[in-house]
Amino acid sequence: MVNELKNIENISIKNFQEDLISWFKAEQRDLPWRKDQDPYKVWVSEIMLQQTRVDTVIPYFNRFIEWFPTIEDLANANEDKVLKAWEGLGYYSRVRNLHSAVKEVNTKYDGKVPDTPKEISNLKGVGPYTAGAILSIAYGIPEPAVDGNVMRVLSRILSIWEDIAKPSTRKVFEEAVRQVISHDEPSAFNQALMELGALICTPTSPSCLLCPVRDHCQGFHEGVETELPIKTKKNTQRNVELAAIIVKDDNGKILIHKRPENGLLANLWELPNVELHQPIVMERAQIADLFSETFDMNIKLEKNIGQIEHIFSHLVWNIRLYIGTIGAGFSENNEWKFITLDEIEQHAFPVSFHKMLKLYKEYI
DNA sequence: CAGACGTGGGA
DNA sequence: TTCCCAAGTCT
């Protein structure tokens, strides 16, 4: 046994499983993805829930299943519509990977989500957590599904002082789960661990007095439950200055641009924009030149109508918004087109776009 | 491994 | 206001 897990000897695994699972059966939340164990729906929910709160996911999940009820429906859908279903959820590569993997399942596995660790882990966007979650929840296979909740809960119960911010730490917790998971009810067990983390064993001020497994908790026993888990923090945010432009054609349509297929906000649409490299303070004419050089178009800025800030996990965008015009000779293509305000509904945009659109609507 | 990759909410 | 997230994965 790994040394970090020596405290497993201190708990009665059978009693721990029973206390945890019976609590889960009595207290679990009524969530839309718990209505059945359709592997596809479990899959969709697990992807949506990555780094995203349950309350945020619920309406997205319901609409997504409404739009794409089955593997086949999603496999045959256009990417623009799929991205639109994800608009506002963030981490957009999740849904592009899901779309790609669902297509693979539809053809290679005849529309049935595979049920082996090897096959399911090879699907795009399915890492160790999601693989374990689908295998246990949809198929009842006793595989670990170690997320942030599980690491927090088990670090307290087993008094594990490894830094959960380190990628290599996950395997310590996977080994812990393998040793304590219920083989009779792996689905309930894994979900119970996460549910406990969400409802009772919360990051700050856990409700130990309400905890169904307090008697098994080494951390509580030692009075160190609020010191765990150990998690080193790292947050370096870069500031990026941008200028974006609203260009209208003769019919009042606005010009939009499709972002590259890789990287930040991949394949989403945006307002034409350029980065203003600091510390140079740029005049309107200079910015216009920058636009013209960057996009090989003749752009003029007429008026600044404000600016917005948009915060990502790893950088901050400060965007000045301009009204402007484009010279003759411009023609639409796959990346550039004019759309009406109504047609915004048919394209997926990042939240920063909607912030700027609001500014524009206040201006006109 | 470290950094990229979104967003809205709570303390 | 500022920080830290919340059911991670990819490169």
Side-chain angles (χ1 to χ4, degrees), chain A residues 24 28-29 31-34 41-61 83 86-98 100-101 120-134 136-138 144-154 163-171 173-174 177 187 190-199 201-205 229 231-238 240 259-268 270 308-317 348-355:
Chain A
F24 175 69
Q28 66 170 300
R29 290 166 292 179
L31 300 172
W33 46 89
R34 287 180 174 163
K41 290 186 211 164
V42 171
W43 184 5
V44 170
S45 72
E46 292 302 340
I47 300 297
M48 282 191 175
L49 286 162
Q50 290 170 8
Q51 305 291 285
T52 311
R53 288 181 161 75
V54 166
D55 288 344
T56 302
V57 166
I58 290 173
Y60 280 92
F61 176 82
L83 277 173
W86 214 264
E87 186 182 59
L89 251 193
Y91 287 144
Y92 300 95
S93 67
R94 289 184 293 175
V95 78
R96 299 207 306 134
N97 288 150
L98 173 65
S100 164
I120 204 164
S121 296
N122 278 330
L123 297 171
K124 278 185 193 157
V126 178
Y129 163 74
T130 305
I134 296 173
S136 61
I137 298 172
V146 175
D147 70 343
N149 281 313
V150 171
M151 289 199 279
R152 181 175 63 258
V153 169
L154 287 185
D163 179 6
I164 69 169
K166 291 175 59 179
S168 58
T169 299
R170 197 196 65 248
K171 65 182 190 302
F173 288 91
E174 285 177 345
V177 171
S187 169
N190 277 346
Q191 291 186 78
L193 235 32
M194 294 187 275
E195 195 81 342
L196 190 71
L199 301 181
C201 197
T202 49
T204 58
S205 59
K231 187 176 190 179
T232 57
K233 42 187 170 283
K234 45 177 186 277
N235 209 16
T236 52
Q237 285 189 330
R238 280 188 310 123
V240 178
R259 294 179 59 85
E261 63 179 345
N262 291 307
L264 185 65
L265 305 170
N267 277 1
L268 270 65
E270 66 181 357
I308 64 132
E309 178 188 71
H310 191 74
I311 302 174
F312 298 87
S313 45
H314 56 303
L315 52 86
V316 179
W317 275 358
F349 298 95
V351 168
S352 53
F353 172 89
H354 291 291
K355 289 185 186 173

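Heavy-atom basis, side chains included; hydrogens, waters and symmetry copies ignored. Chain letters run A, B, ... following the sequence lines, proteins first and then strands; every chain starts at 1.
For A:E174, the salt bridge (Lys or Arg N to Asp or Glu O under 4.0 Å) partners at least two apart in sequence or on another chain are A:R170.
A gap of 13 Å separates the C1' atoms of C:dC10 and B:dC1, to the nearest Å. As rounded to the nearest Å, B:dG6 and C:dC5 have C1' atoms that lie 13 Å from one another. Annotation: B:dC5 and C:dT2 have their P atoms spaced 24 Å apart (nearest Å).
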Protein N or O to nucleotides 8-11 of chain B N or O, pairs below 3.5 Å:
residue, atom, partner, partner atom, Å
B:dG8, N2, A:R53, NH1, 2.4

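Ranking C:dA6, C:dG8, B:dG6 by closeness to the A:P203 side chain, first place goes to C:dA6.
Considering only heavy atoms from C-beta on, A:L268 stays 4.5 Å or farther from A:F353 through its side chain. The shortest distance between side-chain heavy atoms of A:L265 and A:E270 does not fall below 4.5 Å. A:L98 has its side chain within reach of A:V44: a pair of non-hydrogen atoms, C-beta onward, lies under 4.5 Å apart. Using a 4.5 Å heavy-atom threshold, the side chains of A:Q50 and A:Y91 count as separate. When side chains are defined from C-beta on, A:I164 counts as touching A:F173, because their heavy atoms get closer than 4.5 Å.
Heavy atoms of A:V150 sit nowhere under 4.0 angstrom from any nucleic acid atom. The residue A:R96 sits apart from the nucleic acid: no heavy atom pair falls under 4.0 Å. Looking at heavy-atom distances under 4.0 Å, A:S168 makes contact with sugar-phosphate atoms alone, never a base.
One can place CZ of A:F312 at 10 Å from C1' of B:dC5, the figure rounded to the nearest angstrom. Per the geometry, CG belonging to A:N97 stands 11 Å off C1' belonging to B:dC5, to the nearest Å. A:H314 has its NE2 atom 18 Å from the C1' atom of C:dC3, to the nearest Å. A straight line from OH of A:Y60 to P of B:dT7 spans 9 Å, rounded to a whole angstrom. For the pair A:R238 CZ and B:dG6 P, the interatomic distance rounds to 13 Å; values are reported in whole Å. Counting to the nearest Å, the P atom of C:dT9 and the OH atom of A:Y91 are 12 Å from each other. Distance CG (A:D163) to C1' (B:dC1): 13 Å, rounded to an integer number of Å. Protein atom CD of A:Q51 is 12 Å distant from nucleotide atom P of B:dG6, rounded to whole Å.
Closest approach of A:A145 and A:G132 over heavy atoms only: CB-C, 3.8 Å. Between A:Y92 and A:W86, the closest heavy-atom pair is CE2-O, 3.4 Å.
A donor-acceptor contact closer than 3.5 angstrom links the side chains of A:T52 and A:R94. Residues A:Y129 and A:E46 have side chains that bring a donor and an acceptor to within less than 3.5 angstrom of each other.
Contact annotation: A:K166 does not reach the phosphate of B:dA2 (side-chain N/O to OP1 or OP2, under 4.0 Å).
Between A:Y92 and A:P167, the residue anchored closer to the 5' end of DNA chain B is A:P167, taking for each the nucleotide with the nearest heavy atom. For the pair A:G125 and A:R34, nearest-nucleotide mapping onto DNA chain C gives the more 5' position to A:R34.
Across residues 260-267 of chain A, not one residue has a non-hydrogen atom less than 4.0 Å from an atom of DNA chain C.
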